[in-house]
Amino acid sequence: MVAVRVFSERTALTHQLGEFIVRKQDEALLKNPYFKVSISGGSLINALYDCLVADKTLAPKVEWTKWQVYFSDERIVPLTHNDSNYGTFKKDVLDKLPSAVQVSVHHMDDSLPLDGDAQSNNKIAAEYEQILPESLDLVLLGCGPDGHTCSLFPGEKHQYLLRETTKRVAWCHDSPKPPSDRITFTLPVLKEAGALCFVAEGSSKQDIMHDIFDLKNEQLPTVLINKLYGGKTSWFVNDEAFAKVQTQTF
Ligand SMILES: O=C1O[C@H](COP(=O)(O)O)[C@@H](O)[C@H](O)[C@H]1O
């Protein structure tokens with residue numbers, strides 16, 4: 001049973017999202033010295049800034065020095081490139097923290113060849129897999145207008161990623177959304193994670209939210225994840241994104 005929270009006000013969405021993340025942090029720190037969390041790129045990063053940095057009630061509760069941050073997917077570009085998920089997270093969140101706050105962030109190794117051939121890209125994916133913990137406490141996810149999450153895309157061309165059961169990080173080639181080459185978590189990482197949390201906002205997500213929650217189109221990676229891991233999956237969405245969703249049960 002997927003937990004879906006629909007908000008009309010952005011501040012309410014980001015505050016509740018922040019409270020959810022801090023709750024997962026606190027639960028993890030009861031058991032371990034670190035909170036192992038992965039973040040996605042795109043619009044999620046702006047929501048993370050709002051809830052973990054700008055929200056003055058929640059910001060003091062975020063124990064950044066006990067976070068181990070990973071990336072649910074990454075574009076195969078230099079970390080300083082505008083398309084880098086790490087680069088965006090650094091610019092929009094990490095660089096906004098007090099300089100004394102040191103966060104352990106595990107990014108893709110961009111010192112490896114980024115020349116785009118299969119061997120290089122598979123090596124980048126394999127190297128990233130090596131630094132992943134056995135399980136993450138929380139995987140933070142976005143949802144593209146086509147129903148992709150991480151860099152797991154719908155359609156036959158990218159089914160190889162959803163069928164992957166051995167590699168925990170895979171090379172995604174020919175991404176329909178530039179840049180073309182990425183690395184991405186595969187389902188085994190999501191399976192082992194303590195909790196999964198999607199954030200989807202805005203009118204550009206209306207059609208895909210209908211496909212996901214009303215039509216339950218299993219060609220969509222997000223529908224498959226809801227089906228497989230719904231018991232530990234939460235969605236934070238706004239009214240605009242959910243405007244075409246009819247169902248009341250998830
Ligand atoms: O390309 C990507 O897109 C998805 C969704 O981004 P959004 O801006 O539509 O929320 C993102 O979650 C993923 O990390 C990124 O690589």
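In what follows, every heavy atom counts, from backbone to side chain, and hydrogens, waters and symmetry copies are set aside. In listed order, ligands and their atoms are each counted from 1.
By the criterion of a heavy-atom distance under 4.0 Å, the side chain of R182, and not its backbone, is placed next to ligand 1. Of all the heavy atoms of N85, the ones lying under 4.0 Å from any atom of ligand 1 belong exclusively to the side chain.
Distance from atom 14 (O) of ligand 1 to its nearest protein heavy atom, with residue and atom name: D73 OD1, 2.6 Å.
Between atom 7 (P) of ligand 1 and the options S72, G142, S43, the minimum heavy-atom separation is to S43.
Taking all atoms of both residues into account, the shortest heavy-atom contact from P145 to I208 is O-CB, 3.3 Å.
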F250 vs W235, ring pair (Phe, Tyr, Trp, His ring centres under 6.0 Å): CA-CA, chis, key distance, verdict:
CA-CA 10 Å; F250 303 105; W235 284 76; 9.5 Å; no

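At a cut-off of 3.5 Å, with distance as the only test, a side-chain donor of D73 or S151 sits close to an acceptor on the other residue. One side chain, Q68 or H106, offers a donor N or O that lies under 3.5 Å from an acceptor on the other.
An N or O contact shorter than 3.5 Å links G41 to ligand 1 by distance.
Of all the atoms in ligand 1, the ones that sit under 4.0 Å from a non-hydrogen atom of G144 are 5 (C), 9 (O). Against a heavy-atom cut-off of under 4.0 Å, K205 is close to the following atoms of ligand 1: 7 (P), 9 (O), 10 (O). Listed by atom number, the atoms of ligand 1 under 4.0 Å from C150 heavy atoms are 13 (C).
In this structure, Y128 and Y70 have perpendicular ring planes: the angle between them is above 60°, well past the 30° mark.
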